[in-house]
Every structure is written in structure tokens, then in C-alpha cells.
Amino acid sequence: MEITKAEFVVSNSDVKKCPPPDRHEYAFIGRSNVGKSSLINMLTNRKDLAKTAAKPGKTQLINHFLMNEEWYMVDLPGYGYARTSKSSRGQFEKMIRDYILKRENLVCLFVLIDSRHEPLRIDLEFMEWLGENGVPFVMIFTKADKLTATQRVSCIDNYHRVMLDTWETTPLAFITSSEKRLGREEVLDYIDELNHTVKI
Ligand code: GTP
Ligand code: MG
């Protein structure tokens, strides 16, 4: 699939104010700074559609983008970023949790994981929470340009090994680099397949 048109629709802090849930929707989540907004720009061939930054905590709202006038991509704030106050962190996490649990047209959540690290507890616990709540998700390993080919393979293997302690099967995983435009076709083809097979 190619994306021929990508438009920003709306940003907001409340799932109830999101656009009507009448189209397929795919959202990108993961720790702050993992590369969610950069991945959306890479997938859409746009430099600055989603705002990125070198410092964590850039994306603060639920951002809807309409693709090919047909389906939505959603850029979410990251989790795990130590904000100035505990209450603002709590509010952020509530916004993300509400969106994930209540957004009825969310077909698949892409959980982004920094391929440079060993499996992190915060990511494993987040995915366990998704599993407990029956949220469909796949993993996307980011920043693969920082790894050798061998390291890329062992990064996925490490995750699978750790996850099989608690999961019967492991989720599908893509390996990407927004810098090198790696994994683009694979992710877009997966979305295209879901657009054609999942009913909203
Ligand atoms: P928040 O909105 O703060 O949660 O962050 P985010 O997950 O949206 O990350 P963002 O896309 O803003 O990128 C964070 C930093 O990582 C930026 O400095 C990007 O340039 C860098 N980055 C993102 N993707 C890649 C990649 O594939 N390779 C490399 N080397 N750097 C990347
Ligand atoms: Mg962002």
C-alpha cells in the first residue's frame, strides 16, 4: 500500500472528543522518545506531519491523522516519562489507558520498542496489561539503524524468550528504522491487510 494523502485532523486529551469511530484506526504507543512520531512521518513520507524532538515528552495529546481519506493513524504520548508532578503523570496515563480501552475502532495498537535495549520491565508490563485487557497489538522495534544485522535478530529473540515465560505465543514483530526507512512496506502492507479483513 502507498499513502498518497496524509492529513492532520485533530488533537485532544479525551477519547470522547476523538473523531467519530467509523473508520479503521491504528495507534502508535511506547516509551517517550522511542520514535513514534518519527515512524509516522517515515510511513507517510512526510518530514513534519507528526512533531518530533530529541528530548522525551514531545507528543502530549491524542493526534489523529487521516490516511488516503480512508483510515486513521494516531500518534500518542509516550509512557514512562518522569513529568514534573506525579498528578500530571497520572493524568497522562489515564488519557492513554482510556483511549486504548475505549476506542472501539482501534484495529491494532503498534507497541514501539527501542531495539537497542534488553527487554525492559516497563514495556513487558505494558504489553501484559494489553493482553489482560484483550487489546490487539503487535511490536515494532525502532532505531534498527543503530544495530548490526546480528544484533537485530538477537533483539527480537531476546524479547520472544522473555515473553514466553508469561505468554503462550508471542506477538508479531516488525523491525524498523525511520532514519534508514527500514520496515516501511512491511508495516504498511500489514495495515492494508487488516483494512481489508477487519470489519468496523
Ligand atoms: P515522545 O513524543 O516524546 O513520546 O517521543 P516519540 O516516541 O514520538 O519520539 P520521536 O519520534 O520524537 O523521536 C525521538 C528521537 O529519536 C528523535 O531525536 C529522533 O530523531 C530519534 N529517532 C526516531 N526514530 C529514529 C530512528 O529510526 N533512528 C535513529 N537513529 N533515531 C531515531
Ligand atoms: Mg511523539
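Bear in mind that the values here come from a model prediction, so they are computed numbers and not experimental data. Atoms within a ligand are numbered from 1 in the order they appear, just like the ligands themselves. Numbers here simply count residues along the sequence, with the first being 1.
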(request) Kindly identify the option in Ser38, Ala50, Ser115 whose heavy atom sits closest to atom 19 (C) of ligand 1. (result)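 Result: the heavy atom closest to atom 19 (C) of ligand 1 is in Ser38.
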(request) Report yes or no: do Tyr26 and Leu109 belong to one cluster of Ile/Leu/Val/Met/Phe/Trp/Tyr joined by side chain heavy-atom distances under 4.5 Å? (result)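 Hydrophobic grouping puts Tyr26 apart from Leu109.
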Can you find an N or O of [X] that's nearer than 3.5 Å to an N or O of ligand 1?
{"X": "Gly35", "answer": "yes"}
{"X": "Ala53", "answer": "yes"}
{"X": "Asp75", "answer": "no"}
{"X": "Thr52", "answer": "no"}
{"X": "Thr176", "answer": "no"}
{"X": "Pro77", "answer": "no"}

(request) Check the pair Tyr159, Phe141 against ring-ring contact (aromatic ring centres under 6.0 Å, His included), reporting the backbone distance first and the verdict last. (result) CA-CA 10 Å; Tyr159 257 90; Phe141 290 96; 5.3 Å; yes
(message) For Glu185, give me all partners under side-chain hydrogen bond (donor to acceptor under 3.5 Å, both in side chains), at least two apart in sequence or on another chain.
(response)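 Glu185 satisfies side-chain hydrogen bond (donor to acceptor under 3.5 Å, both in side chains) with no residue once adjacent residues are dropped.
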Minimum-distance protein heavy atom relative to [atom]:
{"atom": "atom 27 (O) of ligand 1", "result": "Ser178 N, 2.7 Å"}
{"atom": "atom 2 (O) of ligand 1", "result": "Thr59 OG1, 2.7 Å"}
{"atom": "atom 32 (C) of ligand 1", "result": "Lys143 CE, 3.8 Å"}
{"atom": "atom 14 (C) of ligand 1", "result": "Asn33 OD1, 3.0 Å"}
{"atom": "atom 4 (O) of ligand 1", "result": "Lys36 NZ, 2.8 Å"}

Numbered atoms of ligand 1 (with element) below 4.0 Å of [X], judged on heavy atoms:
{"X": "Ser177", "value": "27 (O)"}
{"X": "Lys146", "value": "30 (N)"}
{"X": "Pro56", "value": "3 (O)"}
{"X": "Lys58", "value": "1 (P), 2 (O), 3 (O)"}
{"X": "Gly57", "value": "3 (O)"}
{"X": "Gly78", "value": "4 (O)"}
{"X": "Ala54", "value": "18 (O)"}

Any donor and acceptor pair, going by atom type alone, linking the side chain of [X] with main-chain N or O of [Y] inside 3.5 Å?
{"X": "Arg184", "Y": "Met42", "value": "yes"}
{"X": "Asp192", "Y": "Met1", "value": "no"}
{"X": "Asn105", "Y": "Arg23", "value": "yes"}
{"X": "Asn63", "Y": "Val74", "value": "no"}

Closest approach of [X] to [Y] (non-hydrogen atoms, all atoms of both residues):
{"X": "Ala54", "Y": "Asn33", "result": "O-OD1, 3.3 Å"}
{"X": "Asn12", "Y": "Lys17", "result": "ND2-O, 3.5 Å"}
{"X": "Val198", "Y": "His24", "result": "O-NE2, 2.6 Å"}
{"X": "Cys108", "Y": "Tyr190", "result": "SG-CE2, 4.2 Å"}

(message) At under 4.0 Å between heavy atoms, is it the side chain or the backbone of Ala144 that contacts ligand 1, or both, or neither?
(response)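 No part of Ala144 is near ligand 1 at this cut-off.
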(request) Please work out whether the ring planes of Phe174 and Phe110 are parallel, tilted or perpendicular, with thresholds of 30° and 60°. (result)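 The rings of Phe174 and Phe110 sit tilted, inter-plane angle from 30° to 60°.
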(message) According to salt bridge (Lys or Arg N to Asp or Glu O under 4.0 Å), does anything in residues 123-136 pair up with another residue at least two apart or in another chain? List the pairs.
(response)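 Residue pairs passing salt bridge (Lys or Arg N to Asp or Glu O under 4.0 Å), neighbours aside: Arg31-Asp123, Arg121-Glu125.
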(request) Name all pairs fulfilling the salt bridge (Lys or Arg N to Asp or Glu O under 4.0 Å) condition that reach into residues 53-82, sequence neighbours left out, sorted by first residue then second. (result)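 Listed once each, the pairs are Lys5-Glu69.
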(request) To the nearest 0.5 angstrom, please state how far the NZ atom of Lys143 sits from the NZ atom of Lys146. (result)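 Here the interatomic distance stands at 7.5 Å.
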(request) Could you grab the protein N, O or S atoms closer than 2.8 Å to the Mg ion (ligand 2) for me? (result)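 For the Mg ion (ligand 2), the protein N, O and S atoms that sit under 2.8 Å away are Ser37 OG, Thr59 OG1.
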(message) Yes or no: does Asp145 have any heavy atom under 4.0 Å from an atom of ligand 1?
(response)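 For ligand 1, residue contact (heavy atoms, under 4.0 Å) with Asp145 is present.
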